[in-house]
Amino acid sequence: MKAVFTMWRNTRMIILASVCAAIYGAALIAFKTAIPLIPGITEVRVANIFPMVFSLLFGPAGAWGTAFGNLIGDIFGGTLGPASAAGFVGNFLLGYLPYAMWTTFVPFAERSREWNVGSWRSWINYILISFLSSASCAVVISVVVDALGIVPYAVLTKIITLNDTFASWIGVILLTSVFGITKEQLGLFWPEVMEERDVGHPLAGTIGAWLVALSAVTGLFGGTIGLPMPTTGWVCSLAIMVGCLLL
Amino acid sequence: MGVAVTFEDLSFTYRQNNRPSLRNIQGQMEEARTVVLMGHSGAGKSTLCCTLNGLVPRFFRGQYEGRVLVKGEEVARRKVAEMSRIVGLVLQDFEAQLFSTNVELEMAFGPENHCLPRPEIEHRIHRYLSFVGLERMRQREPATLSGGQKQRLAIGSVLALEPKVLVMDEPTTDLDPQGREEVLSIADDLREEGGLLLLVDHEPETGLRADQVWLMRDGQVVAQGTPAEILVNLSLLKSCGIKPPPTVELFEEMGWPGRPLTAEKATSLIIEQNLARPRKLKAPASLPNAGGPPVLMAEGLRYVYPTYQIEALQGIDLSIREGEFLAILGQNGSGKTTLAKHFNGLLKPTSGRMLIHGRPSTDYSRRELAKRVGYVFQNPDHQIFARTVKEEVGFGLKVLGEHPKMIEKRVAEALEVVGLQGYEGKVPFTLTKGERQRVAVASVLAVQPEVIVLDEPTTGLDYAQQRNMMEMLRRLNRSGHTVIVITHSMWVAAEYGTRAIVLKDGNILLDGPTRVVFSDEAQLARASLHPPSLVRLSNWLGTQAMTVQKMVEELREIPNPNNRINPNCQCPTSS
Amino acid sequence: MNIFLYLDKGTWIHHLDPRTKMIGTLILFLICLCFNHPLYMGGISLGVMAIALSARALFNFWRVRYILILLITFSTVMWPFFAEGTTPLWSWGSLRISEESLLYGIAMGLRLATFVATGIILLSTTRNEELTNGLIRLGLPYPVAFALSTALRLVPTFAGAAATIVQAQISRGLDLESGSLISRIGKFIPQAVPLFVYAIRHTNLLAMALESKGFDPESPRTLYYEPRMRKIDYLTLILLSGVLVISTYMRLGLGLGIAMPGRM
């Protein structure tokens, strides 16, 4: 968690947060490739292939970048409202959880922060974490949006989770293509950009990761097994936040 | 006069490299001078610039030896933010230097960082915004400015910090000739301000503006001296990968006395010494392919950008024949790119027709168009996405549904044409800019289109790379491809184009054999274009040649005028 | 194309302090949350429309008309199935619609449209630099505000690059308009990778230029813009707060404007 705050001392990390936000915002505007997911209701936001990649490459800058990028999407799309605050937090999780869980989500966790295309661990980790971070994002956004009376919780959690997970999985092609150039040529892989002492250590990484994982899954499927919704959603959101603090 | 900058045996190696980027740099730069730094790409020019404000070694880490003193301060001991009070840095890429959402805030940004009081900031914004001529744009958003204006804003925002030393690292490379002129005239005005100006540039003409020229090669400074000393040393310039001034080259080849750096000096020398006799330019031969069938034909072509409601093309009639090497010239915003994008159907005419082999472009499918007309965009990074060169070059064939074996064969052929044999397995992102440019060309060539359109193929390349690129295009043209090049580089058009068209405000201003177009200096000036110095000299002499080599041949063919010239003849003088 | 919503009209709302506009927007959001009956909600919507009119922001409503219509319809159609009321109106198998849920759906559609309208008024009358300046003056640390403002500055540049990238790939034969779901997604990679690499190549240059201009995240700095809270700013905020207090009292104290009890 510490790096989320200390990164604001580092000019490269600040710029990375801006650049990530701008890529996300620009992609939301420019790539209107509509891929209908539930025809007539929602489509794949193709821009969502980026957050997972931002997170694993740029760490906390990716988290802030995704959050700001979504806000910018709202600003350009004209949909700035109270839900934007929830969108900010949810998208922050989308960019925060992947890198934070990468090395802590035992037993799947990788030892290094790097994406290793030849390691099955990296792949399993990627597939699971992209789902869990998408579900966490979905739960947090949906409880607020439901309470505001915008879209019902039960519908929105599923749409967001499906969309983000799916898009993140495609993002693995992007990650594989750009990991080398980002790290070796441009020297912008975040553990190498930030000072060692600024990165810090998680309070209780594995516990945090599992707390997030369980809360996200409960929040997503709780309604199906008869838990009261969206009340459970609120509890799960709280638990996800606590989990993040431990990471 | 005081010393502004001292280099003491400076060497530097970037952390990720093995080879040093700077080796044993020695030298001094005095106050109130303009120093121009030249060299091939990768010579270490930018690295040297970065040592002046501490980006090397503070921001770019590595092995640093020796010292740099600016105004008596040892740079490596200071933070970059502190050095910003003494040294200002302007970069080539104007997009990367602007942070704010309007012009006046961009100007205020540096002074705000220095914690200056508001009235002082206000004063500086006013002063330097008018210095760079953007006073009326105060509230504009930087994204809405032209390239030249953006770069002027970037310079202004650095000047607002009132640095004693101003470093400009290739400030004009990405600009059109007009933008370039705008920026260089600011550099001239700065001379009167009394600080040190260090300017990095490829063009020998820029060197003429300097008090001192430094030449770099492979991380070393190989020569320091006045322009008159450095720019006439042809072998030295060539060894540093710099385009030698063609007038100097001509005089040397001809064995004429004097080494003039400009066309004006050359003409007056020729007159003084009776070296050659100007004559009337013979009506040049018509286009070499005048009889060939037209490949592309525009008829009353108009185009209005829907989002801006600007008529970018105002009725173009043009016929391009098979085997031509066409150069399209004009300022930014004159409609060059808009026209070229009609050639492969990327844009559809608002009215009028664009015919490809006699059929309207709108009748073709995307795939058919891709097979007929290839388009290489200006920035290769706008298309490169694959993990290997082979995959990148084969992409077009793959989406066209070619057989894998066929793809492999064509990729190998295309790579051979662009001189990248054996690059199949490399990662395209890790190649140099020149190589990436070639990959982009190869990926279009692989589809074997009859026509190849290239947007600014030489921008950002150094002289040797530009030559390579253009020689390759000439080979392609000779092997039967029709080549269309959009360019700002007048010498490239002069030496390689068989035909040139000049666009102004969406209309064709001039169209004809390049030699004819380049002889009409008055019309070119209307499009704010100026022929290269050699062509101006050639116009005055009345020779056909547009390269030094041809000119030497032509001047030698005619009887030596040296002895026979009539001293009473009325020789036209250049104004 | 201008992708920003700001309209340079110079109305009294344009001249308000950005802090007033941001806090005012928040208060309006809260007011919208007070009622879930379409009649009361409709009254608030009309009030916001009046503000939009005097801010001369209607043009932007036209620009986002599709999103607006989609949001309203979606909400009105969706809610009756999810929110349960007591007075049955229509049923088919397990699907039931009650009078309360129908009214609630309409109210939510209106509320959503009003949210969007309020946001648009803010964006139509406030320049990007005023937004970031306001955020800083409301306590956002400067480096964070800087990141947001730089991102806003870069979006048009990157969007332009993205448009060129799309054209470059189309020129090579990439057909974006057809194909199955999977093949369309495959076609997205040749667009996303160059955009990413183009943007990331900028990062080091931006950071270099930033440090060269004396930026230091940990040093104090001055701000050139100094917005002042004037009488009209305080007046606006007091008026809006008054409406909020009255609305809250009507809902909680008097029990007015409720179509669906138990929901916000």
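These values consider heavy atoms only, across backbone and side chains, with no hydrogens, waters or symmetry-generated copies.
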Between B:Phe109 and C:Phe146, does the ring-ring contact (aromatic ring centres under 6.0 Å, His included) criterion hold? Intermediate values first, please. CA-CA 11 Å; B:Phe109 183 70; C:Phe146 170 80; 5.6 Å; yes
Full working for side-chain contact (heavy atoms from CB on, under 4.5 Å) between C:Val197 and B:Phe385: CA-CA 8 Å; C:Val197 174; B:Phe385 75 96; over 6 Å; no
Can B:Glu106 and C:Lys213 be said to form a salt bridge (Lys or Arg N to Asp or Glu O under 4.0 Å), step by step? CA-CA 11 Å; B:Glu106 192 62 57; C:Lys213 285 191 186 179; 3.1 Å; yes
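We find the OG1-CZ distance between C:Thr157 and B:Phe94 to be 9.5 Å, quoted to the nearest 0.5 Å. One distance of note links CD1 of C:Ile165 with CD1 of B:Ile384; it measures 11.5 Å at 0.5 Å rounding. A distance of 4.0 Å separates NZ of B:Lys341 from CD of C:Gln167, quoted to the nearest 0.5 Å. Within the model, atoms OG of C:Ser212 and CG of B:Leu52 stand 11.0 Å from one another, a figure rounded to the nearest 0.5 Å. Between atom SG of residue B:Cys50 and atom CE of residue C:Met208 there is a gap of 3.5 Å, rounded to the nearest 0.5 Å. Here the OG1-CZ distance, from B:Thr101 to C:Arg153, works out to 10.0 Å after rounding to the nearest 0.5 Å.
Using a 4.0 Å cut-off between a side-chain N of Lys or Arg and a carboxylate O of Asp or Glu, B:Glu392 and C:Arg172 qualify as a salt bridge.
With a threshold of 4.5 angstrom between heavy atoms, B:Phe377 approaches chain C through side-chain atoms but not through N, CA, C or O. Neither the backbone nor the side chain of C:Ser219 comes within contact range of chain B, judged by heavy atoms closer than 4.5 Å. B:Leu55 touches chain C through its side chain: at least one heavy atom from C-beta onward sits under 4.5 Å away, while N, CA, C and O do not. For B:Gln378, no part sits under 4.5 Å from any heavy atom of chain C, backbone or side chain. Looking at B:Ile125, the atoms closer than 4.5 Å to chain C (heavy atoms on both sides) all sit in the side chain, from C-beta outward. Heavy-atom distances place both the backbone and the side chain of B:Asp381 under 4.5 Å from chain C. Contacts between C:Pro190 and chain B at a heavy-atom distance below 4.5 Å involve backbone atoms as well as side-chain atoms. Neither the backbone nor the side chain of B:Lys371 comes within contact range of chain C, judged by heavy atoms closer than 4.5 Å. Proximity to chain C is absent for every atom of B:Lys398, based on heavy atoms less than 4.5 angstrom apart. Of the two parts of C:Tyr142, only the side chain, counted from C-beta on, holds a non-hydrogen atom closer than 4.5 Å to a non-hydrogen atom of chain B. With a 4.5 Å cut-off on non-hydrogen atoms, B:Pro163 does not touch chain C at all. Looking at B:Asn53, only its side chain comes within 4.5 Å of chain C, counting heavy atoms on both sides. Neither the backbone nor the side chain of B:Tyr305 comes within contact range of chain C, judged by heavy atoms closer than 4.5 Å. Using a 4.5 Å cut-off between heavy atoms, C:Ala151 does not touch chain B at all.
When every heavy atom of C:Pro156 is checked against every heavy atom of B:Glu141, the shortest pair comes out as CG-OE2, 3.9 Å. Across every non-hydrogen atom of C:Ala161 and B:His382, the tightest pair is CB-NE2, 3.8 Å. Nearest heavy atom pair, residue C:Pro220 against residue B:Cys115, reads O-SG, 3.5 Å.
Chain C forms the most heavy-atom pairs under 4.5 Å with one residue out of B:Asn102, B:Val447, B:Leu400, and that residue is B:Asn102. Note on B:Glu82, B:Gln97, B:Arg85, B:Arg366: by heavy-atom pairs under 4.5 Å with chain C, the leading option is B:Arg366. With chain C as partner, the option from B:Pro117, B:Ala143, B:Ala370 having the largest number of non-hydrogen pairs under 4.5 angstrom is B:Ala370. Between chain C and the residues B:Leu98, B:Val399, B:Leu91, the largest count of heavy-atom pairs under 4.5 Å involves B:Leu98. With chain B as the partner, the residue from C:Leu152, C:Thr164, C:Thr203, C:Thr132 showing the most heavy-atom pairs under 4.5 Å is C:Thr164. Note: B:Ser100 leads B:Ser100, B:Gly88, B:Ala108 in heavy-atom pairs under 4.5 Å with chain C. With chain B as partner, the option from C:Asp216, C:Leu154, C:Ile170 having the largest number of non-hydrogen pairs under 4.5 angstrom is C:Ile170. By number of non-hydrogen pairs under 4.5 angstrom with chain C, the leading residue of B:Met83, B:His114, B:Gln139, B:Glu104 is B:Glu104.
More than 12 heavy atoms of other residues, nucleotides or ligands lie within 6.0 Å of CZ in C:Arg65, so this atom counts as buried by the packing criterion. Within 6.0 Å of NZ on B:Lys79 lie no more than 12 heavy atoms contributed by other residues, nucleotides or ligands.
With C:Gln169 contributing its side chain and B:Gln383 its backbone, the two residues share a donor-acceptor pair below 3.5 Å.
Side chains of C:Phe215 and B:Val80 form no contact here, defined as non-hydrogen atoms less than 4.5 Å apart.
At a heavy-atom separation below 4.5 angstrom, chain B is approached by no residue within residues 47-59 of chain C. Residues of residues 221-234 of chain C lying within less than 4.5 angstrom of chain B, judged on heavy atoms, are C:Arg221, C:Thr222, C:Leu223, C:Tyr224, C:Tyr225, C:Glu226 in numerical order.
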